[in-house]
Amino acid sequence: NEAALAEAVAAIAAQGGVADHAACDVADREAVARAHAQLVARHGPISVLINSAEFNVPERSWSTVTSTSFNSAIDANLRATFHTVATVLP
């Protein structure tokens, strides 16, 4: 949510802090790499990474959950963390 990210950055700046953002689909490794490159170009190497993306599915019972919704949750909650850490850490 680009607007929410911009609002958070503005709120931090209003309190005298420094923040930036780069919106992307964290389940897409190439999108993460592009966002990382944008931030590094503006600020240099990233020293703090906060993984806070989260996704849940409405079907929360094993009797109703589908493979598609389960995979969407895995992409956002597990693979996304891998993508961001693997991109920023080296």
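Every heavy atom of this structure was used, including side-chain atoms; hydrogens, water molecules and symmetry mates were not. Predicted model, so just to flag it, every value in this text is computed and none were measured.
Note: the hydrophobic cluster containing V85 also contains L39 (ILVMFWY, side chain heavy atoms under 4.5 Å, direct or indirect links). One hydrophobic cluster, built from ILVMFWY side chains closer than 4.5 Å, cannot hold both L78 and L89; they sit in different ones.
When all heavy atoms of A80 and A27 are compared, the closest pair comes out as CB-N, 4.2 Å. Closest of all the heavy-atom pairs between D28 and R34 is OD2-NH2, 4.5 Å. Between H21 and R42, the closest heavy-atom pair is O-NH2, 3.1 Å.
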Residue pair S63, S61: steps toward the side chain to side chain donor-acceptor pair (under 3.5 Å) verdict: CA-CA 5 Å; S63 63; S61 167; 2.9 Å; yes

S72/S69 under side chain to side chain donor-acceptor pair (under 3.5 Å): CA gap, chis, key distance, verdict: CA-CA 5 Å; S72 294; S69 61; over 6 Å; no

Side chain to side chain donor-acceptor pair (under 3.5 Å) assessment of N51 paired with T84: CA-CA 8 Å; N51 281 308; T84 55; 2.5 Å; yes

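Of the inter-residue distances, the one linking C24 atom SG with H83 atom NE2 reads 10.0 Å to the nearest 0.5 angstrom. Residue E30 holds its CD atom at 11.5 Å from CG of D25, rounded to the nearest 0.5 Å.
The shortest distance between side-chain heavy atoms of D20 and H43 falls below 4.5 Å. With a 4.5 Å cut-off on side-chain heavy atoms, R29 and R79 do not count as touching. Side chains of V88 and H36 form a contact here, defined as non-hydrogen atoms less than 4.5 Å apart.
Annotation for E59: atom CD counts as buried by contact number, over 12 foreign heavy atoms lying within 6.0 Å.
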